[in-house]
Amino acid sequence: MHFHSSVLLFCCFIRPIFGGLSRPIERNLAPRSYKKTCVVKASGSNATDDAPAIRQAFKKCGHGGTVAFKNTTYYVNTVLNITGLKDCEIDLKGTLLWGTDIQYWLNHSIPVGYQNQSTAFVLGGDNVHFNGHGYGTLNGNGPVWYHFIHGQSNYPGRPHQITFNGLTNSVVEGLIFLQSQMWTMSMIHSHNNLLENIYVNNTGMDGSTSSNTDGADTMFSSKIHFNKWIVVNGDDSISMKANSTDISITNCTFYNGLGIAIGSIGQYKGNFETIERVSADNIRYEKTLHAAYFKTWTGEQVGYPPNGGGGGLGYASNLTFTNLHGNGFRGAPISISQCTTFSGASGNCTSSKFELENIKYSKLTGTSTTSQVASLQCSGVKPCHDITITDVDLTINSTTTEASSYLCGNVEDPHGWNCTGPVCVGSSATGGC
Ligand SMILES: *[C@@H]1O[C@H](CO)[C@@H](O)[C@H](O)[C@H]1NC(C)=O
Ligand SMILES: *[C@@H]1O[C@H](CO)[C@@H](O)[C@H](O)[C@H]1NC(C)=O
Ligand SMILES: *[C@@H]1O[C@H](CO)[C@@H](O)[C@H](O)[C@H]1NC(C)=O
Ligand SMILES: *[C@@H]1O[C@H](CO)[C@@H](O)[C@H](O)[C@H]1NC(C)=O
Ligand SMILES: *[C@@H]1O[C@H](CO)[C@@H](O)[C@H](O)[C@H]1NC(C)=O
Ligand SMILES: *[C@@H]1O[C@H](CO)[C@@H](O)[C@H](O)[C@H]1NC(C)=O
Ligand SMILES: *[C@@H]1O[C@H](CO)[C@@H](O)[C@H](O)[C@H]1NC(C)=O
Ligand SMILES: *[C@@H]1O[C@H](CO)[C@@H](O)[C@H](O)[C@H]1NC(C)=O
Ligand SMILES: *[C@@H]1O[C@H](CO)[C@@H](O)[C@H](O)[C@H]1NC(C)=O
Ligand SMILES: *[C@@H]1O[C@H](CO)[C@@H](O)[C@H](O)[C@H]1NC(C)=O
Ligand SMILES: *[C@@H]1O[C@H](CO)[C@@H](O)[C@H](O)[C@H]1NC(C)=O
Ligand SMILES: *[C@@H]1O[C@H](CO)[C@@H](O)[C@H](O)[C@H]1NC(C)=O
């Protein structure tokens with residue numbers, strides 16, 4: 001069976017990579033003694049839903065206890081809504097495999113609370129330690145979804161694999177996420193968490209990557225540290241959305257996707273949202289489109305989220321990206337597009353009321369397939385300002401020619417670089433035209 005071979009593959013592939021690295025740099029967990037342990041019994045067949053046994057285990061051991069999953073497959077055919085945990089250890093040595101009854105999920109996925117998104121699994125609580133030991137796996141059975149949605153990116157009810165909602169002072173580590181139904185992970189109303197040694201691979205069985213299988217998305221959350229992630233996908237590697245503050249992303253490798261995304265944001269007319277103090281350091285990119293890119297909605301509202309919207313207010317400020325090494329960027333590693341509008345429609349690229357400022361990129365090296373270092377299409381009504389770009393050493397393809405074009409529109413106060421030409425003006429969900 002495909003599933004067993006992938007477990008073997010990933011356990012053996014992933015261990016040497018993580019094994020050589022030092023211990024985590026932040027540990028928020030308060031000391032505690034675990035009184036109870038609940039070992040979840042697996043039914044052994046997808047004809048019997050394991051979700052009731054999982055719910056029962058959290059009910060018994062979710063406060064001051066351990067919920068342990070054995071090295072076996074758990075068939076999760078119904079939603080998990082596990083909130084209010086306290087001082088809880090989650091020990092995952094097996095696989096949670098999501099059921100494939102699409103009609104069930106479309107009817108029952110749990111609302112996330114933003115962008116009309118929904119999820120299969122809500123997990124929340126304080127002082128939680130979710131440990132997969134480098135091989136515990138969540139498998140979304142994604143290919144059935146990739147086939148079902150026929151390339152549509154947002155499909156109402158298509159669930160995220162997991163949503164951390166109200167998760168505080170916690171550590172999530174050593175987990176593998178495969179073939180997520182949609183976004184792999186969303187994090188909302190969550191604070192002071194470390195997520196470390198996480199491997200995400202949303203490649204389908206035919207080797208293709210599906211749209212909107214982001215690695216992680218944050219909203220209304222602060223003090224989140226993503227350390228030592230590997231993300232293989234076709235969309236945002238890690239994305240910061242509304243009110244994401246004090247987020248750090250370190251020591252990660254991103255394959256194929258779009259790189260780090262700031263946004264989309266400014267989607268809700270009249271709402272004031274910010275993204276502040278995001279930093280990324282020591283990131284490797286293998287054939288991603290960008291290194292770190294920004295996307296905001298235009299100033300006019302067209303339709304409603306998730307696919308429509310616009311007219312939002314706010315700013316992204318004090319963001320730093322350093323030590324970015326790319327192998328074959330597919331587009332401008334540094335990109336800003338303020339043109340996001342209803343899918344398919346052509347928007348007004350100069351009307352966004354969302355301001356981008358105080359953004360620093362440094363030590364950008366490697367190879368690219370284009371001559372563009374930066375493509376910055378900023379709003380006319382709220383021009384971008386104080387963008388610093390220094391220490392760029394990017395060569396084109398396998399030549400010695402340096403990438404040297406910096407294209408811009410409505411950028412004020414550049415530091416360390418000069419604009420070399422006008423940017424192309426047009427809508428695209430992935431930055432640039
Ligand atoms: C899990 O079980 C499988 C087969 O039962 C075994 O091959 C594998 O080594 C086990 N993995 C771990 C990490 O114990
Ligand atoms: C159980 O697995 C079979 C075979 O893979 C599949 O056809 C069926 O839809 C699955 N059932 C559920 C509830 O996921
Ligand atoms: C989903 O909802 C529709 C419409 O309410 C209903 O007809 C269908 O039986 C439901 N399916 C499942 C699997 O719950
Ligand atoms: C999930 O659990 C929380 C807390 O008990 C509750 O407020 C919420 O309504 C539940 N959501 C669903 C969809 O059951
Ligand atoms: C939001 O999701 C609900 C249920 O998942 C769906 O019925 C509704 O059409 C969606 N709204 C939009 C604007 O997509
Ligand atoms: C991602 O998964 C695919 C399919 O299993 C595999 O071929 C590929 O090597 C994986 N990529 C990485 C970088 O681990
Ligand atoms: C990861 O990144 C941080 C911050 O840049 C750094 O201090 C740390 O040594 C790095 N390495 C590991 C293995 O965490
Ligand atoms: C988002 O942050 C802004 C600025 O701090 C604040 O005004 C707004 O109320 C926040 N929105 C929500 C929904 O928390
Ligand atoms: C930017 O954030 C850093 C911490 O991440 C802080 O020390 C500094 O004061 C902030 N600068 C501004 C201009 O807000
Ligand atoms: C685009 O927006 C700008 C700023 O709001 C406005 O001045 C301009 O007329 C708009 N262009 C079109 C074609 O609507
Ligand atoms: C780099 O190589 C790719 C693939 O062969 C090609 O499409 C692209 O045009 C090249 N880039 C430049 C700037 O020549
Ligand atoms: C940008 O242009 C100004 C004026 O021509 C020049 O003094 C400055 O050295 C240039 N900066 C860089 C980084 O090329």
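All ligand and atom numbering here is 1-based and tracks the order in the structure. On a predicted model such as this, the values are computed, not experimentally measured, just so you know.
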Applying a heavy-atom distance cut-off of 4.0 Å, which protein residues contact ligand 12?
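Heavy-atom contacts below 4.0 Å: G416, W417, N418.
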
Lys/Arg-Asp/Glu bridge criterion (N-O < 4.0 Å) met for R277, D246
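Looking at D246 together with R277, the answer is yes, because their closest N to O distance falls below 4.0 Å.
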
Do Q372 and T370 pair up side chain to side chain, a donor and an acceptor below 3.5 Å, judged on atom types alone?
no

Does any donor atom in the side chain of T213 or S180 lie under 3.5 Å from an acceptor atom in the other side chain?
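S180 and T213 do not have a side-chain donor-acceptor pair below 3.5 Å.
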
Where ligand 6 meets T203 - atom numbers and elements under 4.0 angstrom, heavy-atom basis:
1 (C), 2 (O), 3 (C)

At less than 4.0 angstrom from any non-hydrogen atom of N201, what atoms of ligand 6 do you find?
1 (C), 2 (O), 3 (C), 8 (C), 10 (C), 11 (N), 12 (C), 14 (O)

Disulfide (SG to SG under 2.5 Å) between C339 and C349, intermediate numbers included
CA-CA 4 Å; C339 306; C349 291; 2.1 Å; yes

Other residues, nucleotides, ligands: >12 heavy atoms within 6.0 Å of [X] [atom1]:
X: F272; atom1: CZ; value: yes
X: K382; atom1: NZ; value: no
X: H147; atom1: NE2; value: no

Looking only at the SG atoms, are C408 and C378 under 2.5 Å from each other?
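With an SG-SG separation of 2.5 Å or more, C408 and C378 do not form a disulfide.
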
Within 4.0 Å of some non-hydrogen atom of F272, the atoms of ligand 8 are 1 (C), 3 (C), 8 (C)

Quick check: Y255 and ligand 6, any N/O pair under 3.5 Å apart?
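Among all N and O atoms of Y255, none is under 3.5 Å from an N or O of ligand 6.
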
Can you check whether N243 has an N/O within less than 3.5 Å of an N/O in ligand 8?
yes

